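Beneath this line is the structure, given in structure tokens, with notes to follow.
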Protein chains: 2
Amino acid sequence: MFKSAESVERLANRLARLPGIGRKSAARLAFHILKLTKEEAFELADIIREVKEKVGFCSVCNNISESDPCRICADPERDKTVICVVEETSDAAALDKAEGFNGMFHILGGRLSPLDGIGPDDLKIQELLDRLQAGEVKELILATNPNVEGEATAIYLSKLFKPMGLKVTRIARGLPVGSDLEYADSITLTRALEGRQEF
Amino acid sequence: MFKSAESVERLANRLARLPGIGRKSAARLAFHILKLTKEEAFELADIIREVKEKVGFCSVCNNISESDPCRICADPERDKTVICVVEETSDAAALDKAEGFNGMFHILGGRLSPLDGIGPDDLKIQELLDRLQAGEVKELILATNPNVEGEATAIYLSKLFKPMGLKVTRIARGLPVGSDLEYADSITLTRALEGRQEF
């Protein structure tokens with residue numbers, strides 16, 4: 001696309017290989033990067049290198065981390081009796097940013113998806129079992145995504161861990177705050193009714 | 001957001017400062033970059049550095065370029081009697097990719113926008129005048145964007161350059177190929193009628 005400057009073309013091609021970035025977004029991004037000052041662009045390049053050099057995975061919760069165990073697992077202020085199970089690091093980051101949870105996380109690294117050939121052995125389920133067998137944990141919050149595969153994963157985990165005598169909970173599914181009842185889909189409305197609580 | 005890995009947080013912050021990238025997209029992008037192999041991530045970092053080190057602007061047409069004059073201006077195969085005037089490099093890249101144009105470009109570096117304080121002196125109009133005064137050019141195609149500011153810029157340029165005895169044309173405004181007449185806005189329809197051609 002940028003016939004006049006081959007390196008910009010290569011940058012756009014490289015960016016277009018990132019998931020969720022199409023040809024046009026990649027070209028626009030490359031163009032924006034070109035417009036940065038030299039300092040800003042070099043800073044960006046350096047952070048990308050740094051991220052790959054420093055960041056690994058926490059051996060306890062499988063979260064991304066610069067240390068092992070990660071900052072969350074090593075934090076003495078957090079409640080070690082509750083583990084919130086999520087699919088991806090970004091889910092844990094979102095939950096951690098929201099108020100109301102001060103426990104630990106466990107990142108599965110995906111969801112059960114037979115169509116994509118992803119079974120229990122491809123997720124960090126054995127590692128979760130090991131954590132639970134240590135005995136300290138009292139509640140397991142299943143916070144996989146509220147879609148077909150996330151629900152299936154939650155059901156699978158609940159069947160696996162409930163017999164261990166743990167309290168196993170699922171995050172509430174219902175109407176998102178600020179939304180319109182009129183535009184909500186019927187499955188969400190059903191779940192909102194099922195999950196109703198005394199006022 | 002990524003409390004567990006501070007460098008990922010910094011990468012997301014840096015990406016969020018690029019135009020058109022919000023906090024959430026930046027976090028998702030940072031996460032994708034983290035998932036690249038070390039080689040891929042380093043390649044990305046290196047291209048970003050390379051782009052800033054190599055790419056400058058062509059002194060003739062103001063396009064981004066690794067050489068001066070740029071590849072397009074230096075190409076002996078291209079028709080030097082036609083200059084297509086665009087707002088940004090990305091516009092020139094899009095037109096160059098489409099078939100049917102083999103002339104030269106001139107990148108204004110923006111559009112007239114009195115509300116943003118952008119006047120004729122902020123665009124590369126003097127440079128365009130210099131190119132035209134060299135005498136080789138026969139046609140000037142005004143290809144600024146078909147919106148209010150782009151039209152105003154085109155009108156301004158046409159008033160400036162028509163007295164020089166040049167053929168000054170404007171790219172056609174009409175229905176985009178593959179679109180539905182039913183859903184087109186009325187200004188586009190008016191322009192499509194005005195610009196009708198014999199079949």
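Because the structure is a prediction, the values reported are computed rather than measured. Lettering follows sequence order; numbering is per chain, from 1.
A donor-acceptor pair is defined here as one N or O able to donate and one able to accept, closer than 3.5 Å; no such pair exists between the side chain of B/K54 and the backbone of A/E6.
Annotation: B/K124, atom NZ; neighbour count of heavy atoms from other residues, nucleotides and ligands within 6.0 Å does not exceed 12. Heavy-atom contacts from other residues, nucleotides or ligands closer than 6.0 Å to CG of B/L193 number more than 12.
If you tally non-hydrogen atom pairs under 4.5 Å between each of B/K52, B/K38, B/R17, B/K35 and chain A, the highest count goes to B/K52. With respect to chain A, the highest number of heavy-atom pairs below 4.5 Å among B/I21, B/L34, B/D75, B/L44 belongs to B/L34. Listed options B/R10, B/E43, B/E88 were ranked by heavy-atom pairs under 4.5 angstrom with chain A; first place goes to B/R10. Taking chain B as the reference chain and counting heavy-atom pairs below 4.5 Å, the highest number among A/C73, A/A41, A/P19 is found for A/P19. Ranking A/I47, A/I33, A/D46 against chain B, the residue ahead of the rest is A/I47, based on heavy-atom pairs under 4.5 Å.
Linking Ile, Leu, Val, Met, Phe, Trp and Tyr residues whenever their side-chain heavy atoms come within less than 4.5 Å leaves B/I171 and B/V85 in two separate clusters. A/M104 is connected to A/L140 through a chain of hydrophobic side-chain contacts under 4.5 Å among Ile, Leu, Val, Met, Phe, Trp and Tyr, so both are in one cluster. Connection of B/L123 to B/M164 is established within a shared hydrophobic cluster, with ILVMFWY side chains joined at heavy-atom distances below 4.5 Å, either directly or through further cluster members. There is no path of hydrophobic side-chain contacts, each under 4.5 Å, that joins A/V82 to A/L166. B/V60 and B/I83 are not part of a single hydrophobic cluster, where members link through side-chain heavy atoms under 4.5 Å apart.
Looking at A/L11, the atoms closer than 4.5 Å to chain B (heavy atoms on both sides) sit in the backbone and in the side chain alike. Of the two parts of A/T37, only the backbone, made up of N, CA, C and O, holds a non-hydrogen atom closer than 4.5 Å to a non-hydrogen atom of chain B. With a 4.5 Å cut-off on non-hydrogen atoms, A/L29 touches chain B through its side chain but not through its backbone.
Annotation: the span from A/E40 atom CD to B/I48 atom CD1 amounts to 12.5 Å, rounded to 0.5 Å. We find the NE2-CG distance between A/H32 and B/L15 to be 12.5 Å, quoted to the nearest 0.5 Å.
Counting heavy atoms from C-beta on, the side chains of B/R14 and A/L36 come closer than 4.5 Å.
Minimum heavy-atom separation, B/V51 to A/S7: CG2-O, 3.5 Å.
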